[in-house]
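Right, one structure below, let's go through it.
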Amino acid sequence: MSNQQAAIEIIYKLQQHGFQALLAGGCVRDMLLGRTAKDYDVATNAQPADVMRLFRRTLKVGAKFGVVIVLVRNQQVEVATFRSEAGYEDGRHPTEVRFTSDAEDASRRDFTINGMFYDPITEQVLDYVEGQADLKKRIIRTIGHPKERFGEDYLRMLRAIRFSTQLGFAIEPETYAAIGRNAARIAQISGERIAAELEGTLVHPNRAAGAAMLIETGLAEAVFPGFAGDSAPQAIAVLGQLRRNVDFPLTLAAFFVGHPTDFAMNKCEVLKLSNKQTKHIEFLLSHRGGLLDSGMSLAQLKRFLAEPCFRDLYELERAIQKAAASETGLAHLIDLRRRIRDLGDVDVKPRPLLNGHDLMRLGAMPGPSLGQLAEELYIAQLEGEVASREQAGQWVSEWLRRHRSTQ
Ligand code: ATP
Ligand code: MG
């Protein structure tokens with residue numbers, strides 16, 4: 001059973017019991033656009049207690065705010081009581097919700113295209129906010145006065161840019177101007193919520209347009225103080241050259257491509273990314289240019305290839321060189337690819353032929369020089385200079401002789 005079927009089944013049952021029940025928000029927008037919706041949300045005049053009584057399996061996630069999750073077979077559907085939100089004191093959380101009518105529920109939503117309902121039983125669209133007209137015009141417009149609506153919840157500024165990017169819609173001029181005037185306030189929103197909207201914007205293939213809006217409105221500078229400046233155009237150009245499907249860390253590295261690694265890592269802290277994502281970005285930025293080294297040894301190349309983020313590093317470098325229209329840079333990368341192809345399916349991260357115990361058995365002393373020896377031996381192994389334990393043993397004896405004679 002699909003999420004859509006589950007939602008319709010729930011609506012049918014609610015209507016059978018005399019309640020008003022409708023599909024709401026993003027799924028209506030996507031249906032009217034002929035896009036597949038991520039999930040189907042239900043809005044109803046039934047109160048949370050009614051919903052929990054009518055359906056056998058429910059999760060009481062936000063009953064206080066009128067939201068109950070109904071489980072139907074393998075699907076979860078959000079069923080929300082029509083509500084209005086009032087008293088946004090901090091630009092983040094409503095201090096009060098009131099259960100109301102469908103029309104009022106529509107008017108608390110963010111953008112006109114997100115403010116429509118659809119009755120799947122009568123197949124009718126309920127549009128109190130001129131959402132259909134704006135869908136036709138392909139614009140993102142706040143419901144009501146943009147200044148007020150952004151003042152209630154600053155996150156909506158980033159959401160406007162995310163929807164504009166994902167749908168390829170323009171942001172209506174007054175709405176866009178209001179983002180520019182209020183951008184600095186975004187700093188009051190939690191890093192996790194900012195990160196989620198940035199991710200939605202930057203992972204979309206239309207990411208260059210999204211980044212350009214983030215920069216032009218001042219939101220980029222507000223989230224990452226010190227970001228704005230000469231390097232912003234490079235960020236947009238490099239994002240524009242990335243292949244269609246890429247992960248968030250690669251797009252963030254591209255976004256910060258005009259800045260030093262330390263600066264970028266410091267700025268990304270606000271996003272509260274996972275350790276893994278942070279490491280990923282740091283690897284990409286700190287190895288910028290590394291693949292262009294035409295004197296790269298075989299061992300260095302294998303070490304790059306053994307990195308889990310190697311493909312992303314290559315993609316970032318390709319996009320940087322493409323954005324700069326650098327013939328030599330791109331030619332270097334083509335050479336590199338040829339070199340990698342010629343390696344065939346060689347093991348780029350073989351087990352060391354000898355371990356620490358082996359080295360000490362051969363006469364190496366514990367201490368820093370042991371680490372040095374192990375490192376040099378491993379490089380020799382990657383270079384193909386030693387291929388067996390015996391050869392490695394000989395190589396170590398020579399190394400020890402050389403190093404003793406110089407001490
Ligand atoms: P997506 O397809 O990306 O999930 P969506 O439109 O479904 O887009 P959600 O964040 O899932 O967006 O929110 C569902 C609906 O709830 C929106 O369509 C909108 O009507 C309303 N909504 C969500 N966040 C806000 C907000 N910050 N302010 C006002 N309304 C909001
Ligand atoms: Mg949604």
Side-chain angles (χ1 to χ4, degrees), residues 2-4 6-7 22-44 61-62 65-67 69 75-88 90-97 100 102-118 125-132 134-135 140-169 175 178-179 182 185-186 188-190 192-204 206 210 219 248:
S2 71
N3 193 250
Q4 181 183 30
L22 303 160
L23 290 171
C27 64
V28 180
R29 174 200 69 218
D30 290 338
M31 274 170 38
L32 293 173
L33 285 172
R35 293 162 55 102
T36 27
K38 253 197 316 203
D39 38 37
Y40 289 76
D41 298 332
V42 173
T44 178
V61 280
F65 298 103
V67 182
I69 303 233
Q75 294 292 333
Q76 300 198 2
V77 179
E78 214 179 276
V79 179
T81 307
F82 297 136
R83 66 184 190 268
S84 66
E85 291 167 351
Y88 289 89
D90 53 359
R92 282 178 296 175
H93 308 289
T95 46
E96 197 189 312
V97 307
T100 59
D102 55 353
E104 265 196 81
D105 183 279
S107 66
R108 66 142 182 111
R109 292 171 185 269
D110 48 7
F111 306 109
T112 57
I113 60 165
N114 288 349
M116 293 176 279
F117 301 108
Y118 180 75
V125 178
L126 271 88
D127 179 6
Y128 297 105
V129 295
E130 296 178 33
Q132 289 174 104
D134 288 346
L135 268 189
I140 311 291
R141 177 205 304 270
T142 53
I143 294 171
H145 207 288
K147 179 170 188 275
E148 269 167 39
R149 303 311 312 286
F150 290 137
E152 290 167 359
D153 179 359
Y154 302 124
L155 187 71
R156 290 174 187 157
M157 299 190 284
L158 281 175
R159 286 174 60 84
I161 289 176
R162 168 167 72 86
F163 287 118
S164 165
T165 304
Q166 291 176 335
L167 300 170
F169 283 22
T175 300
I179 298 176
N182 292 283
R185 309 268 173 87
I186 196 68
Q188 298 177 38
I189 296 292
S190 79
E192 290 90 339
R193 296 178 76 203
I194 291 176
E197 297 300 331
L198 275 187
E199 176 166 7
T201 304
L202 293 178
V203 302
H204 193 276
N206 193 24
L219 282 170
F248 191 33

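Both ligands and their constituent atoms are indexed starting at 1 by order of listing. Not measured: the values here are computed from a predicted model. Any value given below was found using the heavy atoms of this structure, including those in side chains, with hydrogens, waters and symmetry copies removed.
Which of Asp30, Thr36, Asp41 comes nearest to atom 14 (C) of ligand 1 through a heavy atom is settled by distance: it is Asp41. With distances taken over non-hydrogen atoms, the option nearest atom 7 (O) of ligand 1 out of Gly26, Ala196, Gly200, Gly115 is Gly26.
Asp127 places a side-chain N or O within donor-acceptor distance of the main-chain N or O of Gln132, the cut-off being under 3.5 Å. Looking only at distances, a side-chain donor or acceptor of Arg149 sits under 3.5 Å from a matching main-chain atom of Arg109.
Closest to atom 28 (N) of ligand 1, if we only count protein heavy atoms, is Arg156 NE, 2.8 Å. Given atom 30 (N) of ligand 1, the protein heavy atom at minimum distance is Asp110 N, 3.1 Å. In this structure, the protein non-hydrogen atom closest to atom 20 (O) of ligand 1 is Asn114 O, 2.9 Å. Scanning all protein heavy atoms for the shortest distance to atom 4 (O) of ligand 1 gives Lys38 CE, 3.1 Å.
Polar contact with ligand 1: present for Arg109 (N/O pair, distance under 3.5 Å).
Under a 4.0 Å heavy-atom criterion, Glu152 is not in contact with ligand 1.
Side-chain rings of Phe82 and Phe117 approach one another, their centers coming within less than 6.0 Å.
Checking atom 11 (O) of ligand 1 against the protein gives no heavy-atom contact under 4.0 Å.
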